[in-house]
There are 4 protein chains.
Amino acid sequence: MDPITSRPPGRPRSQRAEDAILRAALALLAERKNVAEVSIEAIAARAEVGKATIYRRWPGKEELFADAVATLRPPLPELGQAPLRDDLIAIFTQVCAEMDSPLDRAVTVLMMDQTHPEIVHRIKQQVLAPRSRAVANLLRRGVDNGEITPDVDPEAVVNLLTGGAFFCRRPAGGRSAQERAQLLVDTVWNGIRA
Amino acid sequence: MDPITSRPPGRPRSQRAEDAILRAALALLAERKNVAEVSIEAIAARAEVGKATIYRRWPGKEELFADAVATLRPPLPELGQAPLRDDLIAIFTQVCAEMDSPLDRAVTVLMMDQTHPEIVHRIKQQVLAPRSRAVANLLRRGVDNGEITPDVDPEAVVNLLTGGAFFCRRPAGGRSAQERAQLLVDTVWNGIRA
Amino acid sequence: MDPITSRPPGRPRSQRAEDAILRAALALLAERKNVAEVSIEAIAARAEVGKATIYRRWPGKEELFADAVATLRPPLPELGQAPLRDDLIAIFTQVCAEMDSPLDRAVTVLMMDQTHPEIVHRIKQQVLAPRSRAVANLLRRGVDNGEITPDVDPEAVVNLLTGGAFFCRRPAGGRSAQERAQLLVDTVWNGIRA
Amino acid sequence: MDPITSRPPGRPRSQRAEDAILRAALALLAERKNVAEVSIEAIAARAEVGKATIYRRWPGKEELFADAVATLRPPLPELGQAPLRDDLIAIFTQVCAEMDSPLDRAVTVLMMDQTHPEIVHRIKQQVLAPRSRAVANLLRRGVDNGEITPDVDPEAVVNLLTGGAFFCRRPAGGRSAQERAQLLVDTVWNGIRA
DNA sequence: ACGTAAGCGAGACGGTACGTCGAGTCTTGGT
DNA sequence: ACCAAGACTCGACGTACCGTCTCGCTTACGT
């Protein structure tokens, strides 16, 4: 009766299977580094699940990965205790480090893909939003503090630093994530004008 | 005699076929927006070429696209006549515009892919290098001019602006490429410190 | 419980598909008259079946044709009511007629092929054996009756007559199957010694 | 002037190449035991010849094999010195032995193929005819001698014995070629009637 | 002696079929 | 209604030959 407590008839879907599928998807993504290289069959096999159990839940690979990726909630470093510049470096050190992680980088590339705009949207909402909001808050606070100029566009700053982190990955032997973050943040911090 | 003018035995490879293949690959990439969605068979059909003619030249799809992409030589805007900031905006207006082009964006995403590092390297060398070098020259000139501070890291600037352009694409109705470029460049130009 | 009535897990193989494949194989063999001219793809298309459905059941063309051919069970004429010589003529009239049928002849040629000895064995067992046994029985009965000499080797007789039928096919306008059978049987029947 | 001694302009065709091609074709046929398994490319490679050199001479594989097979001229045993029955056994011992030779058997199977009737005709003319004629002569002589009955059809006898030889091949360990030939000839010789 | 014309080897050309793999769907018996 | 298993059709994969077509070079003749 109660539309909330009432359940559909028949055997309920197995949470166990669902978790195994999402876990398998991420594991394989980390291994193969590319969504296209991960087959649904491989996910089903790894999760010890029938293919139908996957297709019952998601219409296709992309939606499955959207959900799988959404389970990743990168922890935020503790913010607001330090000067703004240090907080920014802390956050983008983490972003730079993620760019070195096969899984996180694969997710980012997936996000860049033009063929699945809703997925991009979902990832932005569920995964990136907290961090973006945190940075936006930091910047707003910085403006209030007088630490940064009031005419700054927070979104532009996020895009610059995120994109910079994405592009500045180096082949082995390069700078550490923290060094890279520091360089990026400082460049934006000071500007380049004489 | 001359080891350079001497030719290998047998019928030489058809330049016509090679061109048609590369053209077809790029056309299909622009249509499908994703390397994974472009099949070798479709390229062969579009180029009116046998599959073997493709596999004779490239071991796989990635190498083929690496060459196809290398044929794209984005023209540089004329630089050096205007103040540094205007030149930067001109260049990154072009970059932002490319991010709105399905083909160029697909190429960029391909470049981000971790599974083919040598291809990334080739694209960087052959396609991006002229532009990067141009920006580096601009910045060096700016330092000499006294337009920008001497302690700036040119590569960091390129990464920030390129990545920013890559990430700041908006769904239809957003800012124009030039507006976005201007915003990005100004943010880096002025810095964010009060 | 019962190891015979228990079934393997998963969707069972479609008998419908299997029949369609075998039927298509024989139809195409009759049309093209040569196993080499019949492609698996053509069989799959004719049977409205995926190629994998064929390869799931048979490792290759030869094994498929072995099974297809095994479905051919040439009806035996009614034997034992007539004098032995008439029965032999009846049987070998049928064999001669088969040598004029593209399908049956293609099967016979396939059987002669040295590259697939087990297939030859299977065809002999499943298709030819009943007829051979029938002839052997006839001959044994003939010996008992006193119609034929007791020192005859039944297998030699079968080989002679079968091979004779195989080789004596004529281009259009030749003798009828029955005339040829009669000539062959009579030659063996009477011998050639003065 | 002389249409016989005049030669076409240009470089004459290489007899060396032609021989090598035919030799290679037969060698590969003996190895692979089946015309369908021998590719033109393999013949060209084995003969160290370009494919065009083959296609310049023959329109296709079948015509090439027709010529290759025509170079096989099985030697006739010396006939006419012995009683007819012994001569027949001598000839069909050779036929039985050929049925055990991969090459000769492959040729025979090729001959049975319905898709190339002209080739069959050529092989009959050029390869089999001498032997058939020899057997026919033997039989005619036998009739004259009074060794065999005058109402025998020579062609039927040839077909029976040839077909019998073709069909009576046994897996390893069977009777020798001579034993088989003797059995076949004796069966036809004596007939089976009591 | 030299040009012309066809043959030569090599190997690329557009195709067709191969046998494999994965996509997304369907069909079992059993939970 | 769910589940694992494994069938289904379909389409792309990369390979092997088909028969044809260029290449640069060779061979033989008629001038």
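Naming: A, B, ... by sequence-line order, numbering from 1 per chain.
Here the rule is salt bridge (Lys or Arg N to Asp or Glu O under 4.0 Å) with A/Asp67, and of A/Arg57, A/Arg23, A/Arg122 only A/Arg122 fits it.
Taking atom CG of A/Leu28 as the reference point, atom C1' of E/dG22 lies 14 Å away to the nearest angstrom. One atom, CD1 of C/Ile43, and another, P of E/dG19, lie 10 Å apart when rounded to the nearest Å. Rounded to an integer number of Å, the gap from C/Trp58 CH2 to E/dT20 P is 15 Å. Atom-to-atom, CD of D/Glu63 to C1' of F/dG19 comes out at 13 Å; the value is rounded to the nearest Å. Distance D/Gln15 CD to F/dT27 C1': 16 Å, rounded to the nearest Å. Going from atom CD of A/Glu41 over to atom C1' of F/dA5 covers 12 Å, rounded to whole Å. When rounded to the nearest whole Å, the span between CD1 of B/Ile54 and P of E/dA12 equals 15 Å. Following rounding to the nearest Å, A/Ile40 (CD1) and F/dA5 (C1') show an atom-to-atom distance of 17 Å.
Ranked by how close their nearest DNA chain E nucleotide is to the 5' end, B/Ala17 and C/Tyr55 are led by B/Ala17. Residue order along DNA chain F, read from the 5' end via each residue's closest nucleotide, puts A/Ser14 first among A/Ser14 and B/Gly60. Position along DNA chain E of the nearest nucleotide to B/Arg13 versus C/Lys61 favours B/Arg13 as the more 5'-ward residue.
By the 4.5 Å heavy-atom criterion applied to side chains, D/Leu26 and D/Thr71 are counted as neighbours. In this structure, C/Leu64 and C/Ile43 have side chains that are in contact, with non-hydrogen atoms separated by less than 4.5 Å.
Residues D/Val127 and D/Leu72 approach most closely at CG1-O, 3.5 Å, considering heavy atoms. Considering all non-hydrogen atoms of both residues, B/Arg46 and B/Leu28 come closest at NH2-CD2, 3.2 Å. Across A/Glu41 and A/Lys51, no two heavy atoms sit closer than the pair OE2-NZ, 2.8 Å.
In terms of polar N and O atoms assigned as donor or acceptor, the side chain of D/Lys51 never comes within less than 3.5 Å of the base of E/dG9 in a complementary pairing.
Within the nucleic acid shown, C/Arg57 comes within 4.0 Å of sugar-phosphate atoms alone, with no base atom in reach, counting heavy atoms only. Note on C/Thr53: a base of the nucleic acid sits closer than 4.0 angstrom, heavy atoms only.
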Could you list all N or O pairs between the protein and nucleotides 22-25 of chain F that sit under 3.5 Å apart?
residue : atom : partner : partner atom : Å
F/dC23  : O3'  : B/Arg7  : NH2          : 2.8

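Counting heavy-atom neighbours within 6.0 Å of D/Glu48 CD, excluding the residue itself, gives a total of 12 or less.
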